[in-house]
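Shown next, in structure tokens, is the structure this report addresses.
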Amino acid sequence: MEKRELLYEGKAKRLFTTDEPEILISEFKDDLTAFNGEKKSSEAGKGALNNKISTELFKVLEAEGIPTHFIEMMDDNHMLHKRVDVILIEVIVRNIATGSLSRNLGIEDGKVLPFTLVEFDYKNDDLGDPKLNDQHALILELVEYQDELDKLRRMARQVNDILKPYFEAKGLNLVDFKLEFGKDKDGNIILVDEISPDNCRFWDAETGEKMDKDRFRQGLGGLTLAYEEVLNRILNK
Ligand code: 5GP
């Protein structure tokens, strides 16, 4: 399958049509952005690492019964996947307080939460991805029914129930992550986008070292080394 038209260019990926109307290609870019695009950079090899990490994690989730858009990894920077109507809700799952949760509510950074927190952000760069409650999401018609919001929460918790112990076994704490969902041609809600250190926080279980995009957000350096280490642990290398 080959790339045809550029459908959309996002901050970390380009999306292309193919000869099959229901199949798209994502090209993973080396570009990095943070703080709603205010901080920008590029790291050679970052796109390929995210493509490989996402591929492995989509396979793990599919094997556990989570429907995803993943079809196959084509080459280092390209993934073949189903076409969906993206739901403009970022589903955030948190096991440990940090980032905006600690900033906004004053919860101590690093505090293990008494239960897994699931939040919704409005996927809207112009507005800076604000927090949403269920009523906001329904008023904005981001989904049609309350049932669909319940389903997003349920699926996000299932993903966490699979990935948290998966990473624990590899010496990584899954601190928090952002998921995106879409509706396929039959109206089924499936997991889309990517699952990588660009949208997950991983802390080394022994040292607490940050192994994710916070290395860029906080100017810590060593981003690709950290992403490589995440991939190597996934592959048990
Ligand atoms: P926070 O709300 O603390 O900034 O982020 C919580 C988690 O969701 C982090 O793992 C972060 O990487 C992810 N996340 C939240 N919003 C975005 C976003 O707009 N883009 C990406 N790539 N990740 C996000």
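A quick note: this is a predicted structure, and the numbers were derived from the prediction, not measured.
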[X] and [Y]: side-chain donor and acceptor closer than 3.5 Å?
X	Y	result
K131	H136	no
N95	N160	yes
Y227	D212	no
E20	T18	no
D134	Q146	yes
N232	E228	no
N77	N51	no

Indicate yes or no: does [X] engage [Y] in a salt bridge with an N to O separation below 4.0 Å.
X	Y	value
D31	K46	no
R233	D204	yes
K178	D193	yes
E43	R215	no
E168	K164	yes

If you compare all heavy atoms of [X] against all heavy atoms of [Y], which two are closest, and at what distance to 0.1 Å?
X	Y	result
K40	T33	CG-CG2, 4.1 Å
S26	L15	OG-CD1, 3.4 Å
C200	F177	SG-CB, 3.6 Å

Where the side chain of [X] meets the backbone of [Y], is there a donor-acceptor pair that is under 3.5 Å apart?
X	Y	value
T17	E5	yes
N50	G47	no
D76	A48	no
D214	R217	no
D129	N124	yes

Intermediate values then yes/no, side-chain hydrogen bond (donor to acceptor under 3.5 Å, both in side chains), K170 and N236: CA-CA 8 Å; K170 296 169 185 299; N236 293 318; 2.9 Å; yes

Cluster link F216 to F28, ILVMFWY, side chain under 4.5 Å: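 As far as the 4.5 Å side-chain criterion goes, F28 and F216 are connected within one cluster.
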
Does the ring centre of H69 sit less than 6.0 Å away from the ring centre of F58?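 Ring-ring flag for F58/H69: true, centres closer than 6.0 Å.
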
Roughly how far apart are I189 CD1 and F181 CZ, rounded to 0.5 Å?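 Reported to 0.5 Å precision, the distance equals 8.0 Å.
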
If I take atom NZ from residue K39 and atom CD from residue Q218, how far apart are they, to the nearest 0.5 angstrom?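 That separation rounds to 9.0 Å.
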
Looking at T116, D176, I107, which hits side-chain contact (heavy atoms from CB on, under 4.5 Å) with R94?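 Going through the options one by one, the only one that passes is D176.
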
Would L163 and I195 count as a side chain to side chain contact (heavy atoms under 4.5 Å, CB included) if you check the C-alpha gap in whole Å, the side-chain angles of each, and the deciding distance to 0.1 Å? CA-CA 10 Å; L163 293 186; I195 310 176; 4.2 Å; yes

